[in-house]
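Taking it in order: structure first as structure tokens, then the write-up.
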Amino acid sequence: MTLLTGFLGSGKTTLLNTLIRDPDAGRIAVVMNEFGDVGLDHDLIEEATEETVLMQSGCICCTIRSDLVETMRALLDKRQGGDLAFDRVVIETTGIADPGPILHTLVMDQQLAPSFRMDGVVTLADAAVGPRTLDTQFEAVHQIAMADLVVVTKTDLVTPHEVTRFEARIEGLNATARRIHAEHGRTPPGALFGLSALRPSVTSGDISDWLGTEPSKPDPFAGLSGFARKSSKPASLPFGQAGHHAPHDHRISSASIEVEDPIPAGIFDFWLDTLIAIKGPDILRIKGILHVEGLELPFVFHGVQHIFDTPVQVRSWSGTDTTSRVVVIARDTDAKGLQKSLEILRTRPKEDGSDADGMMVHTTGMPF
């Protein structure tokens, strides 16, 4: 299941029309808001009912009439009953939608959660008007910050320098998201799918891509012992110069840490529970790979605000690397405090056992 978001006019309709024409994309159920508003190509339509449009490609489109859960449950019932066949679902949000509540809905629903796996958030970013949109609409900033993949559109309408500046700003908001360009809605085959590392067969390369440490972009952990903040204003192209002010960008902070030795389960649970209790509504994304003390295989985990997907054990893991990596993206949170909170993951249990929780009390306070 893929969540497709992006502010008004970013090109979601064009991308959807291209996607449902692509035979390599498989049979897709596309959930959208209203058919009339999105402008689907009518020459692709074979049959239409009040709630469902069948495409010549074999894809299915349906509308969100009242409630997303109701629409998804209806799709699931028809698939299980043999009335519809599809391989994946793409949910197209409204241009001003915050992805967080939608992700909560899909993860928490007891009928949907066991049947669908969230593969990732794909955010379209318009290179022509995107900078101004980020200045004026904080929802657009959220959409970038929560993305697994950012598709930069309309690059042909601006200069290469403007594209570079815009991408630098995107990098500052979310350095872990991959970025690709779309030309008139066309993206590289398969680029929109396979984004999540929450699957047992995931490889170390997949996890590196997911955490934003693949060789194609600077490694946020390179040359560092400990955590590293990804600044919300890239040093190479700082916004705020040349008279440009980015009023919302500073509200997004991110931090990351790598811990070479396995982490005691109690230490991680304490850190996560405390962080969520204090800053839960402002935590946009938490993701990482965790090596737990006493367990041979690591886990991949992911959360949005206070809601977490079920952790997945990496059964294909091999080798002796026991380095855990954790990335946090937050809103309206002191970046230094966020970084300092991650230090708790380096805490080791007391050897004398004097502390009931096995933790060093003086290091456990969250510095927010």
Side-chain angles (χ1 to χ4, degrees), residues 3 5 93 97-108 113 118 120-121 123 134 138-150 170-177 195-198 207 210-213 220 226-232 248-259 263 265 267-290 299-312 324-347 364-368:
L3 191 63
T5 187
T93 72
D98 181 345
I102 301 174
L103 293 173
H104 284 181
T105 298
L106 298 173
V107 171
M108 293 301 294
M118 178 55 67
V121 177
T123 299
L134 292 177
F138 193 46
E139 293 87 353
V141 175
H142 269 192
Q143 292 169 358
I144 295 291
M146 299 186 70
D148 295 286
L149 173 70
V150 177
I170 293 171
E171 174 85 8
L173 291 170
N174 186 347
T176 69
L195 303 177
S196 174
L198 294 178
I207 295 173
W210 187 55
L211 293 176
T213 59
F227 54 86
R229 180 194 175 202
K230 302 177 187 69
S231 171
S232 63
H248 298 303
D249 292 31
H250 71 279
R251 296 182 61 186
I252 304 296
S253 299
S254 57
S256 59
I257 192 173
E258 65 172 2
V259 182
I263 299 174
I267 298 294
F268 182 80
D269 288 344
F270 175 87
W271 169 77
L272 185 59
D273 290 345
T274 306
L275 180 67
I276 296 305
I278 297 175
K279 299 296 297 183
D282 293 320
I283 300 299
L284 301 181
R285 297 288 292 271
I286 299 179
K287 58 183 178 179
I289 178 171
L290 180 68
F299 288 84
V300 178
F301 66 96
H302 172 258
V304 175
Q305 295 180 334
H306 63 286
I307 304 297
F308 278 74
D309 296 293
T310 302
V312 175
S324 297
R325 292 180 172 86
V326 180
V327 176
V328 183
I329 302 176
R331 170 190 60 206
D332 297 333
T333 300
D334 177 69
K336 291 182 179 179
L338 188 62
Q339 293 172 5
K340 192 173 181 181
S341 79
L342 287 166
E343 289 182 342
I344 292 174
L345 297 179
R346 298 187 184 282
T347 305
T364 57
M366 284 291 186
F368 297 121

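This is a predicted model, so every value here is computed, not measured.
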* Please lay out, stage by stage, how Arg285 and Asp148 fare under the test side chain to side chain contact (heavy atoms under 4.5 Å, CB included). => CA-CA 10 Å; Arg285 297 288 292 271; Asp148 295 286; 2.7 Å; yes
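- Nearest heavy atom pair, residue Ile289 against residue Leu211, reads CG2-CD1, 4.1 Å.
- Between His306 and His104, the ring-plane angle classifies as perpendicular under the 30° and 60° cut-offs.
- Aromatic pair Phe268/Phe301: centroids less than 6.0 angstrom apart.
- Contact detail for Ile207 and Ala197: the closest heavy-atom pair is CG1-CB, 4.2 Å.
- A distance of 12.0 Å separates NZ in Lys279 from CD in Gln305, rounded to the nearest 0.5 Å.
- Across Phe299 and Pro311, no two heavy atoms sit closer than the pair CD2-CB, 4.2 Å.
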* Leu103/Ile307 under side chain to side chain contact (heavy atoms under 4.5 Å, CB included): CA gap, chis, key distance, verdict -> CA-CA 9 Å; Leu103 293 173; Ile307 304 297; over 6 Å; no
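- The CG atom of Leu173 lies 11.0 Å from the OG1 atom of Thr123; values are rounded to the nearest 0.5 Å.
- Within the model, atoms OG1 of Thr347 and CD1 of Ile267 stand 5.0 Å from one another, a figure rounded to the nearest 0.5 Å.
- Nearest approach of Pro99 to Leu3, heavy atoms of both residues: CB-CD2, 3.9 Å.
- Atom CD1 of Ile329 sits about 13.5 Å away from atom CG of Asp282, to the nearest 0.5 Å.
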* Step by step, would you call Ile286 with Phe308 a side chain to side chain contact (heavy atoms under 4.5 Å, CB included)? -> CA-CA 9 Å; Ile286 299 179; Phe308 278 74; 3.9 Å; yes
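- Side-chain polar atoms of Ser253 and Thr333 form no donor-acceptor pair below 3.5 angstrom.
- Shown here for Leu284 and Ala145, the closest heavy-atom pair between the two residues is CD1-CB, 3.7 Å.
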* Asked: Step by step, would you call Asn174 with Val150 a side chain to side chain contact (heavy atoms under 4.5 Å, CB included)?
  -> CA-CA 9 Å; Asn174 186 347; Val150 177; 5.6 Å; no
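- With values rounded to the nearest 0.5 angstrom, Gln143 atom CD is found 8.0 Å from Asp98 atom CG.
- Side-chain contact between Arg251 and Val141: absent, with no pair of heavy atoms (C-beta onward) separated by less than 4.5 Å.
- Residue Leu342 comes nearest to Ala255 through the heavy atom pair CD1-CB, 3.7 Å, listed as atom of the first residue, atom of the second, then distance.
- The CZ atom of Arg331 sits 7.5 Å away from the CD1 atom of Ile252 when rounded to the nearest 0.5 Å.
- Contact annotation: the side chain of Trp271 never approaches that of Ile263 to less than 4.5 Å [non-hydrogen atoms, C-beta and beyond].
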